[in-house]
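Here's the structure we're looking at; comments come further down.
Each chain gets a letter, A, B and so on, in the order its sequence line appears, and its residues count up from 1. Being a predicted model, the structure only gives us computed values, none of them experimental.
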Amino acid sequence: MPELPEVETIARGLRKTILGKKIKSIKLSPCRILQNSTVCLSNKLNRQKITQVKRRGKNIILHLSGDDVIIIHLGMTGQLLFLTNKTPFGKHDHIELRFSDNTFLRFSDIRKFGKFKLAKFSPQKKLDDLRELGPEPLEITKDAFIRLLQKRKGKIKTTLLNQRVIAGIGNIYADETLFEAKIHPEEKVCDLGPSRLGKLHQAVRKILKKAIQAGGSSVDDYLNLEGIKGFFQLQHKAYGREGKPCTRCNTKIERIVLSQRSSYFCPKCQKSRGSPPETD
DNA sequence: GTCGATGTTATCAA
DNA sequence: TTTGATAACATCGA
């Protein structure tokens with residue numbers, strides 16, 4: 001499931017493989033992933049160069065030589081693959097850009113929750129798809145993070161998953177982050193207090209950075225551009241570890257359902273304890 | 001062969 | 001305003 005570290009890994013790969021290349025042709029099988037008409041897409045993309053590759057939350061943004069951008073969201077099972085040989089379209093392959101040096105960028109998506117969209121870019125106006133996103137977790141300062149979260153009413157896990165609050169965190173990194181910060185997923189954000197929110201900010205930075213270094217987590221189907229797995233799943237301490245011993249205290253990791261998703265946590269390390277008295 | 005789990009976002013209801 | 005449920009979709013495993 002591509003979250004910030006996986007998407008960042010892919011964006012870095014794209015800069016190494018397709019930056020500056022010219023689109024020669026495009027191949028697509030119409031489906032809901034495509035947000036534009038196929039005719040319009042082919043016409044507009046032809047002969048354009050990839051001038052910039054960016055990431056915002058879980059979105060990849062390819063800037064083109066005109067004032068167009070391609071916005072890609074991988075959903076749950078979306079994959080981007082860089083190919084140097086012509087290989088036939090499989091059942092789950094949906095879009096392919098062919099570059100003038102006969103290399104290819106292919107978008108595959110088993111469950112078709114991904115998005116591929118061509119949009120107009122202007123430096124003044126934020127793109128529709130990105131406007132509602134909260135700040136980048138690796139860019140926001142500790143003070144701003146605390147101020148941002150203090151306003152929220154819900155449970156901390158649900159809040160971390162909300163892209164409008166903070167962008168790029170999904171189920172895996174929410175669980176890993178809360179484990180690192182020793183916070184129970186069901187704890188109310190407003191009960192955490194500035195000191196524990198500060199710890200959480202630190203944990204978010206630590207976990208996301210380590211995950212990017214490891215090339216992301218390959219839980220069932222994530223692969224990078226070259227088709228290679230990430231390594232961070234080997235360092236997961238909470239996610240997917242129900243019944244296994246906590247790496248800190250040996251207590252069995254528990255699983256509960258929150259916002260219709262699994263939440264894994266250590267019942268001993270991550271006790272709900274409300275706001276401790278603040279000394280300052 | 002059926003059913004539940006997987007987890008992202010848009011949309012709609014409360 | 002905010003939260004919660006549901007649908008979109010395909011595969012895997014019990």
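- Within the structure, the salt bridge (charged side-chain N to carboxylate O under 4.0 Å, His left out) test picks out the following pairs touching residues 145-164 of chain A (sequence neighbours left out): A:Lys155-A:Glu186, A:Lys157-A:Asp175.
- Contacts of A:Gly170 with the nucleic acid, taken as non-hydrogen atoms under 4.0 Å apart, involve only primed sugar atoms and P, OP1 or OP2.
- Smallest separation of non-hydrogen atoms from A:Pro2 and A:Met76: CD-O, 3.3 Å.
- Of the P atoms belonging to B:dG1 and C:dC9, the separation is 24 Å, rounded to the nearest Å.
- Note on A:Arg164: every side-chain N or O is 4.0 Å or more away from OP1 and OP2 of B:dT9.
- Residue A:Lys58 is in sugar-phosphate contact alone, with no base atom involved, counting any heavy-atom pair closer than 4.0 Å across all strands shown.
- Closest to the A:Thr158 side chain, of the nucleotides C:dG4, C:dT3, B:dT8, is C:dG4.
- Per the geometry, CG belonging to A:Asn162 stands 13 Å off C1' belonging to B:dA10, to the nearest Å.
- Residue A:Gln163 contributes atom CD, which lies 16 Å from atom P of B:dT11 at whole-angstrom precision.
- Ion pairing of A:Arg196 with A:Glu187 is present here, as a side-chain N (NZ or NE/NH1/NH2) and a carboxylate O approach within less than 4.0 Å.
- Nucleotide B:dT8 holds its P atom 12 Å from the CD atom of A:Gln260, rounded to whole Å.
- Taking atom NZ on A:Lys151 and atom P on C:dT2, their separation rounds to 9 Å, with Å as the unit.
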Treat primed atoms plus P, OP1 and OP2 as sugar-phosphate and everything else as base, then score nucleotides 9-14 of chain C 5' to 3': B for base contact with protein heavy atoms under 4.0 Å, S for sugar-phosphate contact only, - for none. BBS---
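- Contacts of A:Ser259 with the nucleic acid, taken as non-hydrogen atoms under 4.0 Å apart, are absent.
- If you measure from atom CD1 of A:Ile256 to atom P of B:dA5, you get 15 Å, rounded to the nearest angstrom.
- Remark: P of B:dT9 and CZ of A:Arg131 are 18 Å apart, rounded to the nearest angstrom.
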Check: residues 77-84 of chain A side-chain donor-acceptor pairs under 3.5 Å, at least two apart:
{"from": "A:Thr77", "atom 1": "OG1", "to": "A:Asp109", "atom 2": "OD1", "distance (Å)": "2.6"}
{"from": "A:Thr77", "atom 1": "OG1", "to": "A:Arg111", "atom 2": "N", "distance (Å)": "2.9"}
{"from": "A:Gln79", "atom 1": "NE2", "to": "A:Asp221", "atom 2": "O", "distance (Å)": "2.5"}

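- To the nearest angstrom, P of B:dT8 lies 12 Å from CG of A:Leu74.
- A:Lys155 places its NZ atom 11 Å from the C1' atom of C:dT3, with the value rounded to the nearest Å.
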A:Lys21 and A:Asp101: CA distance, side-chain angles, deciding distance, salt bridge (charged side-chain N to carboxylate O under 4.0 Å, His left out) verdict: CA-CA 8 Å; A:Lys21 290 190 179 176; A:Asp101 65 348; 2.9 Å; yes
Verdict with reasoning, A:Glu176 to A:Lys237, per salt bridge (charged side-chain N to carboxylate O under 4.0 Å, His left out): CA-CA 7 Å; A:Glu176 291 303 310; A:Lys237 294 176 178 171; over 6 Å; no
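- In the displayed structure, A:Lys120 atom NZ is contacted under 6.0 Å by more than 12 heavy atoms of other residues, nucleotides or ligands.
- Pairing for C:dA7 goes to B:dT9, judged as Watson-Crick or G-U wobble with the two contacts each under 3.5 Å.
- Using a 4.0 Å heavy-atom distance criterion, A:Glu132 is classed as making no nucleic acid contact.
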